[in-house]
Amino acid sequence: MPTDPRRLAFLLAVHRAGGVLAAADLLHVTPSAVSQQISRLEAEEGIDVLDRGPRGVTLTPAGRVLADAAESIEAEMVQARQAIAALGGELTGRVSVGSIQTAIRTVVAPMLVSLAERHPHIEVDVQEYDPRTRPVACVPATWTR
């Protein structure tokens with residue numbers, strides 16, 4: 001039975017979120033739905049992708065291979081969507097923003113809503129910086145039209 005690539009999104013969410021419950025919150029589904037999709041993925045592949053223990057789950061070596069593949073697929077889909085948007089003359093690209101926590105809450109976060117509405121194909125990476133412990137490097141943004 002071939003693997004349904006949509007199930008890889010569930011594995012990737014478990015990997016990124018650190019567990020089934022957190023993945024369910026991230027995906028806006030029930031923990032049972034996440035568990036069912038992971039079980040189906042394991043049945044399709046014929047391998048265990050998660051080590052289930054009393055303190056939660058971790059990815060098996062095979063699970064890490066599949067999670068890496070899922071990240072690659074996701075990255076390629078983002079690039080494809082940006083390329084399609086660029087064909088229509090839309091603004092696309094990736095922007096990284098680094099700021100102190102208070103500015104993120106008061107300036108950056110509210111701006112992100114407006115940006116997402118006006119330019120849905122721009123990917124924004126927001127990182128919190130503490131100038132006392134980490135110097136901030138400025139890198140110019142790259143925009144594609």
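FYI, side chains are in, hydrogens and waters are out, and symmetry mates aren't considered; it's all heavy atoms of this structure. Residues take their numbers from the sequence shown, with the count starting at 1.
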Got a list of side-chain donor-acceptor pairs under 3.5 Å for residues 75-88, not counting sequence neighbours?
from	atom 1	to	atom 2	distance (Å)
Gln82	NE2	Gly93	O	3.4

- prompt: Looking at CD of Glu44 and CD of Gln37, how far apart are the two atoms once the value is rounded to the nearest 0.5 Å?
  reply: 8.5 Å

task: Give the cluster check for Ile38 versus Val20: same hydrophobic cluster or not, with ILVMFWY residues linked at side-chain heavy-atom distances below 4.5 Å.
output: yes

query: What's the spacing between Ser99 OG and Arg105 CZ if we round to 0.5 Å?
result: 11.0 Å

message: One pair to check against side-chain contact (heavy atoms from CB on, under 4.5 Å): Leu41 and Leu11. What are the steps and the verdict?
response: CA-CA 9 Å; Leu41 176 63; Leu11 179 64; 4.0 Å; yes

- prompt: With the threshold set at 4.0 Å, does a side-chain nitrogen-carboxylate oxygen contact exist between Arg94 and Asp125?
  reply: yes

query: If you look at every heavy atom in Val14 and Val34, which pair is closest and at what distance?
result: CG2-CG1, 3.7 Å

ILVMFWY cluster, Met111 and Ile122 together (side-chain gap under 4.5 Å): yes

message: Whether Arg16 and Glu74 form a salt bridge (side-chain N of Lys/Arg under 4.0 Å from carboxylate O of Asp/Glu) is what I want to check.
response: yes

statement: Nearest heavy-atom contact between Ala23 and Ala17 is N-CB, 3.6 Å

field: Linked, directly or transitively: Phe10 and Leu21 (ILVMFWY side chains, under 4.5 Å)
entry: no

- prompt: Do Asp4 and Arg40 have side-chain heavy atoms sitting under 4.5 Å apart?
  reply: no

Test side-chain contact (heavy atoms from CB on, under 4.5 Å) applied to Asp51 and Val57, step by step: CA-CA 5 Å; Asp51 281 326; Val57 298; over 6 Å; no

message: On a heavy-atom basis, which atom in His15 and which in Leu59 lie closest, and how many Å separate them?
response: ND1-CD2, 3.7 Å

message: Quick check on the hydrophobic clustering: are Val97 and Leu112 connected, directly or via other members, by side-chain heavy-atom contacts under 4.5 Å?
response: yes

message: For a side-chain contact (heavy atoms from CB on, under 4.5 Å) check, start with the C-alpha distance between Leu12 and Glu71, then their side-chain angles and the critical distance, and finish with the verdict.
response: CA-CA 7 Å; Leu12 188 54; Glu71 284 185 327; 3.3 Å; yes

- line: Checking Ile104, Ile100, Thr102 against Glu128 for side chain to side chain contact (heavy atoms under 4.5 Å, CB included), the one that qualifies is Ile104

task: Find out if a path of hydrophobic residues (ILVMFWY) with successive side-chain heavy-atom gaps under 4.5 Å connects Leu26 to Val126.
output: no

- prompt: Counting only N and O atoms by type, is there a donor-acceptor contact under 3.5 Å from the side chain of Ser114 to the main-chain atoms of Pro110?
  reply: no

task: Could you pull out the closest heavy-atom pair between Asp48 and Glu42, with the gap in Å?
output: CA-OE2, 3.5 Å

